[in-house]
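Computed from heavy atoms alone, side chains included, the values below leave out hydrogens, waters and symmetry copies.
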Amino acid sequence: LLQEHADALVGFLRANFPGTVVLERHDRTLRFRLPAKSALCDIFRLLQDAKADLCLEEYGISQTSLEQIFNDFAAQQREETTPTRLLISNHTTSSESARSLEITGSVREA
């Protein structure tokens, strides 16, 4: 039943905020990254309206911190094993990550 509640929350967020990414899950607590274009008022309204249906015990919304952006960037880097000639990258991280929102929620077991 817990898995069903977690799957329902993931599906709900992905349906209402396309581009939502599941960052981590520990038992009943899940953490997501929503697209930067998501409006806070829409997130709060939709979650509050669906709180009972989704069996959400609690939820929180926060902007991605600089530490989280750094950790994400560092995790994506590969160890350099050959000399580097150019330090140009087409990898986009900071602009979108810096404006993303994160949701942490806990679902009820039964």
Side-chain angles (χ1 to χ4, degrees):
L1 195 58
L2 178 60
Q3 184 63 42
E4 290 175 12
H5 292 178
D7 291 343
L9 178 58
V10 171
F12 174 83
L13 290 173
R14 287 184 173 160
N16 287 287
F17 305 101
T20 294
V21 176
V22 179
L23 297 177
E24 64 183 318
R25 178 178 176 189
H26 298 288
D27 192 32
R28 299 178 313 118
T29 302
L30 296 94
R31 192 164 65 101
F32 304 90
R33 179 164 294 144
L34 276 63
K37 62 185 176 195
S38 305
L40 283 176
C41 61
D42 292 336
I43 298 169
F44 277 114
R45 181 177 43 79
L46 289 170
L47 283 175
Q48 194 60 38
D49 290 347
K51 188 175 178 180
D53 294 336
L54 294 172
C55 299
L56 273 176
E57 286 183 342
E58 59 185 23
Y59 62 89
I61 301 171
S62 64
Q63 286 187 319
T64 305
S65 70
L66 288 176
E67 179 181 4
Q68 291 165 323
I69 293 169
F70 174 78
N71 289 339
D72 288 347
F73 182 74
Q76 294 171 2
Q77 299 303 305
R78 292 185 219 134
E79 183 179 339
E80 292 181 20
T81 56
T82 60
T84 304
R85 290 185 178 198
L86 295 175
L87 297 176
I88 299 172
S89 172
N90 62 1
H91 184 63
T92 58
T93 56
S94 59
S95 62
E96 277 302 308
S97 297
R99 296 187 325 239
S100 65
L101 299 168
E102 293 193 7
I103 292 182
T104 302
S106 296
V107 293
R108 288 192 301 266
E109 285 195 51

If you take all heavy atoms of [X] and [Y], which pair is closest and at what distance?
X	Y	answer
Leu46	Phe12	O-CZ, 3.6 Å
Pro35	Phe17	CD-O, 4.1 Å
Leu54	Ala8	CD2-O, 3.8 Å

Are any non-hydrogen side-chain atoms of [X] and [Y] less than 4.5 angstrom apart?
X	Y	answer
Tyr59	Phe44	yes
Leu13	Leu47	yes
Thr20	Arg33	no

* Hydrophobic cluster identity match, Leu2 and Phe32, side-chain contacts under 4.5 Å ->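 Yes; tracing contacts between hydrophobic side chains, which count when under 4.5 Å, links both residues.
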Between atom [atom1] of [X] and atom [atom2] of [Y], what is the distance when rounded to the nearest 0.5 Å?
X	Y	atom1	atom2	value
Thr29	His26	OG1	NE2	8.5 Å
Leu56	Leu9	CG	CG	5.5 Å
Lys37	Asp42	NZ	CG	12.5 Å
Asn16	Ile43	CG	CD1	10.5 Å

* Mark yes or no for whether Arg25, through its side chain, and Asp27, through its backbone, hold a donor-acceptor pair below 3.5 Å. =>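 Present.
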* To do: Assess whether atom CD of Glu24 is packed by more than 12 heavy atoms of other residues, nucleotides or ligands within 6.0 Å.
  =>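 Above 12, so yes.
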* Can Arg28 and Glu57 be said to form a salt bridge (Lys or Arg N to Asp or Glu O under 4.0 Å), step by step? -> CA-CA 10 Å; Arg28 299 178 313 118; Glu57 286 183 342; 2.8 Å; yes
